[in-house]
Amino acid sequence: MSKVITTKKRTSKPAILDEYTNQEISIQAEDFSLADEVTLLEKDNLTDGAVVTFTGRVRNNNNGNNVTSLTLEHYPGMTEKSLAKIINQAKKQWQIGRVKVIHRIGELHIGDQIVFVGVTSKHRQDAFSANEFIMDYLKVKAPFWKKEQIVDAGKTSENWLDAKSSDTDKADLWS
Amino acid sequence: MSKVITTKKRTSKPAILDEYTNQEISIQAEDFSLADEVTLLEKDNLTDGAVVTFTGRVRNNNNGNNVTSLTLEHYPGMTEKSLAKIINQAKKQWQIGRVKVIHRIGELHIGDQIVFVGVTSKHRQDAFSANEFIMDYLKVKAPFWKKEQIVDAGKTSENWLDAKSSDTDKADLWS
Amino acid sequence: MIKIVFFAALREQLDCAELSLSADKAKTVNDIKLLLSDKSAQWQQIFSNASLLAAVNHDMVAGDHLVKSGDEVAFFPPVTGG
Amino acid sequence: MIKIVFFAALREQLDCAELSLSADKAKTVNDIKLLLSDKSAQWQQIFSNASLLAAVNHDMVAGDHLVKSGDEVAFFPPVTGG
């Protein structure tokens, strides 16, 4: 007990904040434009004939509950570091050109975009595999947490989503 | 020999022209907008949280040749029928929501979009697999042919692309 | 009558996009190939190419597929779209 | 000093986002868990949850990972982004 010196709500920035000027990763509250992202992936890029995108959106029927909104929390610094690692792993495993990963944070509503992964490659299989790999690893490695706001019989409640073992199983298939 | 009655350049429409009012398939000379297509796939579709797109473009370095443009020929009627079959196969194998396949025909230049496949699903794996399956089968089953216009040492030539055995091998992996 | 159509490199090699055949002497797609091969040495060589594909009424078929009057039979090289 | 941070459901259960620990009594992440468990019966129960994840300086680590003064150690539930 004596070793626990202070206990407080977080107010300051984490002491260790990895700086990522990496243009491949963006953690943001704002919405994004699929068209703009693909335009950037393709701009002055005449060697990559294949572009694969994944977009994840807030559904209205997660686990049968009537979800009205989601709040996305993340661990600043670690999020960027873990995504950078995942992207580097993908680049080692497949011949890919450009990559972009966007993940939104904060309050999101039904139909809102949550996550975008875009990958270009000379070869379509590499673009497909790398994109799916990045999503699978993001799901189990990147420190994001979703809290659902649910309306059930006129009553509003909140709860943190449970992680799915199916996500862990799917990520394990790559290794 | 006597059975060959007429030999002519094609002037009339094929006698058998399957009519596809199918909104899932479009064979067109005009360019398409990725953003518009994804907007349509997502419109009033709040149950499918995952959207995967593939876009194929004309590269500048096919087989090491200096390609300046491509001409895309197709077999009207059969093209639509074969794509409809491929989409139906995908719908049987995976739980997917909406599908759109666009393939351009005619003359295309470096950087131009050739093909688009968009798939929505409740589950990202189904969207990824169905999209890749559709592209793999399109590559070996849909009656399109590419002719390259090449500039080599100032000399322009044309040649029909050879089919790749790697495409056949990849499609065979699904069966 | 059976309508025969050719596409892409095959159409250019034959310098022919479409022709008609009476249905009475051709029972299968392979029969049609043999009839077309009779046209000339060049056609014979072209139709001996094992990689040529065939479709009847817009469905890809094997050589033993039966044909009848009114059918549209297509021959073409392996496809290269996408 | 070691900085300890908590996220998501864990932060809410503990009603604590961040605290500091002197580095001299904790050699590993597991040592930190034991020290935190000493705080109360509730904390003990929470930190006995085997599914809790830990990160040191933004890298996911196992319980036997060594810690030192200046480190940032994070505990959080399995992630649910994407």
Side-chain angles (χ1 to χ4, degrees), chain A residues 1-18 27 54 56 62 70-85 101 103-105 114-115 117 134-148 158-165 167-168, chain D residues 1-27 31-41 43-44 47 49-61 67-82:
Chain A
M1 265 301 268
S2 61
K3 291 97 209 167
V4 178
I5 296 185
T6 63
T7 302
K8 57 177 179 179
K9 301 275 178 139
R10 185 177 305 118
T11 51
S12 62
K13 280 192 169 187
I16 301 147
L17 227 183
D18 300 285
I27 314 298
F54 175 86
N62 224 340
L70 281 183
T71 309
L72 255 298
E73 178 174 332
H74 79 303
Y75 180 3
M78 180 171 171
T79 319
E80 292 82 349
K81 193 174 183 178
S82 70
L83 291 174
K85 261 194 217 173
V101 177
H103 204 297
R104 292 179 69 192
I105 50 173
I114 306 173
V115 59
V117 178
I134 289 169
M135 271 309 300
D136 285 354
Y137 269 60
L138 182 155
K139 279 270 180 187
V140 297
K141 301 282 188 191
F144 294 102
W145 300 272
K146 285 196 193 104
K147 191 187 227 177
E148 290 184 334
E158 283 202 323
N159 68 277
W160 291 98
L161 254 73
D162 284 327
K164 292 184 207 145
S165 59
D167 283 330
T168 312
Chain D
M1 298 289 287
I2 294 171
K3 181 163 136 185
I4 319 282
V5 292
F6 308 110
F7 289 94
L10 181 67
R11 186 194 62 243
E12 290 190 354
Q13 286 159 11
L14 300 174
D15 194 24
C16 174
E18 177 178 334
L19 56 80
S20 295
L21 250 172
S22 74
D24 54 350
K25 292 271 169 82
K27 288 202 166 137
D31 291 346
I32 295 175
K33 270 194 182 179
L34 289 175
L35 289 169
L36 295 171
S37 296
D38 281 344
K39 243 179 140 317
S40 76
W43 283 51
Q44 181 163 35
F47 283 97
N49 184 340
S51 74
L52 272 193
L53 300 175
V56 173
N57 301 336
H58 297 161
D59 285 315
M60 211 91 86
V61 296
V67 293
K68 60 180 189 306
S69 185
D71 280 352
E72 175 170 310
V73 180
F75 294 100
F76 44 78
V79 303
T80 57

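Sequence lines set the chain letters: A, B, ... in the order given, protein chains first and strands last, and positions in each chain run from 1. Heavy-atom basis, side chains included; hydrogens, waters and symmetry copies ignored.
- Partners of Asp59(D) according to the side chain to side chain donor-acceptor pair (under 3.5 Å) rule, which considers only residues two or more places apart in sequence or in another chain, are Lys81(A), Lys85(A).
- If you measure heavy-atom distances from Trp145(A) to chain D, the contacts under 4.5 Å come from both the backbone and the side chain.
- Heavy atoms closer than 4.5 Å to chain D are found in the backbone of Asp162(A), but not in its side chain.
- The heavy-atom pair separating Lys146(A) from Thr80(D) by the smallest distance is N-OG1, 2.8 Å.
- Contact record, Ala74(D) with Tyr75(A): CB-CE2, 3.3 Å, taken as the closest heavy-atom pair.
- Between His74(A) and Phe7(D), the gap from one ring centroid to the other reaches at least 6.0 Å.
- Met60(D) has its side chain within reach of Met78(A): a pair of non-hydrogen atoms, C-beta onward, lies under 4.5 Å apart.
- Between Arg11(D) and Glu73(A), the closest side-chain pair of non-hydrogen atoms falls below 4.5 Å.
- Between Gly82(D) and Val115(A), the closest heavy-atom pair is C-CG1, 3.8 Å.
- Heavy-atom pairs under 4.5 Å with chain D were tallied for Arg104(A), Met135(A), Lys147(A); the largest tally goes to Lys147(A).
- The side chain to side chain donor-acceptor pair (under 3.5 Å) check on Lys33(D) picks up nothing, with sequence neighbours excluded.
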